[in-house]
Every structure is written in structure tokens, then in C-alpha cells.
Amino acid sequence: MALRAAVLRHIRLPVQTLPAIGTRPQSQRSFLRLFSSHDDHLTKEEVIDRVLDVIKSFPKVDPSKVTPDVHFQKDLGLDSLDNVEIVMALEEEFKLEIPDKEADKIDSCNLAIVYIYNHPMAG
Amino acid sequence: MAVPGAVVPMRIEVLHLYRTLLRVGRQFSDYNIGEYSKRRTMDAFRDNKNLTDTRLLSAAFSDGKAQLEVAKKQAIVYSLYAPKVKSILDF
């Protein structure tokens, strides 16, 4: 009988008062699931980084001159054929098909970033 | 002396043809022929970049359009006989 009590004294957990669940925002947030299919859209930063990487790795471009508002033909000294090639490279990076009418307008880094960021299918 | 069918292309049409040819090059299932297509397109358009003679311009443009038709057909044919295993160069 005493042995049983001694063993139980070691096994039984002491009673603690836990803090109220409502005061622990971290655990509360972990129970909240976002079921929207649109929350995996690219962030602006990610778009900017990847666009700059594509442009910097273009063979005719000097990477040190590439900034987010650089113009392909005026600032980077490329020609219109290179412009087409850059837009094709961006299409491959973001898995997009940009129609001719829209692709004709993309002649600077800024326009590329804005177009891709606003495109629902950019991946 | 007007040559029938000799239309001088506008700048934007040339760029559209360039883009279309590059797209077809991308579609090829065979990596080697796809890369050749793209390389050949880029070389040909660059060589003819500074043409000003209207006859040469329209001849080059018609040639480009003819090559586009050939390339589109070949892309289909290549895909019919594509090997089951992708080339290592595609990764």
C-alpha cells in the first residue's frame, strides 16, 4: 500500500493552472487556415529579384548597370531584337505566354516587373 | 517594276516574325533542332538588321515567313517521333 502510494506520487503530475488559450496569439494563429487559392501569388520583391536575375544573365548585358528602372534600349544599349529575346527569357522564367501586343510594350525593367506582378498566372 | 507579292514589312511585323520564329524554336521536342532553330533565327535577323534596299528587305521577310512555315511543320513531325526519354541537355 505504501509502495503503491510512493510510486503514484512520482507518476502523478502536479496540477498546474495553464494560462487562458485566448492570451496565446501564436497558437491561435496556427489553427487558422487560409483556404484561398490566391495566397500563393508572387510578392513584388520576388518578382523584382527574378526579373533582375534574368536581365543580368542576358549575355549582352552588363550586370552592374541593371536596376529596377533601367530601359533596355536606352540604358543597356540593346536593340529591338535583344528586347524580344529578353521578353522571351522572362516568359520562360515565369512560365507565361505574353501576347504580341503586350510584349511590344515591355521595353524597360519597370514595365516588365509591373506586367508580371499583375499577371495572375505568373509562377 | 512591281514584283507581285513583294511587300516591304513594317518594323513591328519583323519583330513579330522574330518572336514567332523563336517561339516555334522553343516548341521543338528535340533539344538540338530547337536550339539550332533559335540560333539560326537570331543569326539571320542580326545579319539583315541594317538592310535598307526594299527588294532585299521584302525578299528576306518572305524568306523568314517561308522558314516559319517549314519550322512549324517540322515541330509537329519531330514531336511524333520524339524519343521516350528526354535528352540530358534538356534538364
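Quick note: numbers below take in every heavy atom, side chains included, and nothing from hydrogens, waters or symmetry partners. Below, read A as the first sequence line, B as the second, and so on, with proteins coming before strands; counting in each chain starts at 1.
- Linking Ile, Leu, Val, Met, Phe, Trp and Tyr whenever their side-chain heavy atoms come within less than 4.5 Å leaves I33(B) and V70(B) in two separate clusters.
- Linking ILVMFWY residues whenever their side-chain heavy atoms come closer than 4.5 Å, directly or via other members, leaves L68(B) and L57(B) in distinct clusters.
- Only the side chain of R26(B) comes within less than 4.5 Å of a heavy atom in chain A; its backbone stays farther off.
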Next item on the list: Could you walk me through whether R46(B) and E85(A) pass salt bridge (charged side-chain N to carboxylate O under 4.0 Å, His left out), step by step?
Entry: CA-CA 12 Å; R46(B) 242 158 249 296; E85(A) 288 169 39; 2.9 Å; yes

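- In this structure, I106(A) is a member of the same hydrophobic cluster as I55(A), with clusters built from ILVMFWY side-chain heavy atoms closer than 4.5 Å.
- No continuous path of hydrophobic side-chain contacts links Y18(B) to F72(A) [ILVMFWY only; heavy atoms under 4.5 Å].
- Cluster membership check: M121(A) shares its hydrophobic cluster with V54(A), using side-chain heavy-atom separations under 4.5 Å among Ile, Leu, Val, Met, Phe, Trp and Tyr.
- In this structure, CG in L15(B) is found 7.0 Å from CG in D104(A), a value given to the nearest 0.5 Å.
- A 4.5 Å side-chain heavy-atom check between L81(A) and M42(B) finds every atom pair outside the cut-off.
- Between the CZ atom of R23(B) and the CG atom of D100(A) there is a distance of 6.0 Å, given to the nearest 0.5 Å.
- For N83(A), no part sits under 4.5 Å from any heavy atom of chain B, backbone or side chain.
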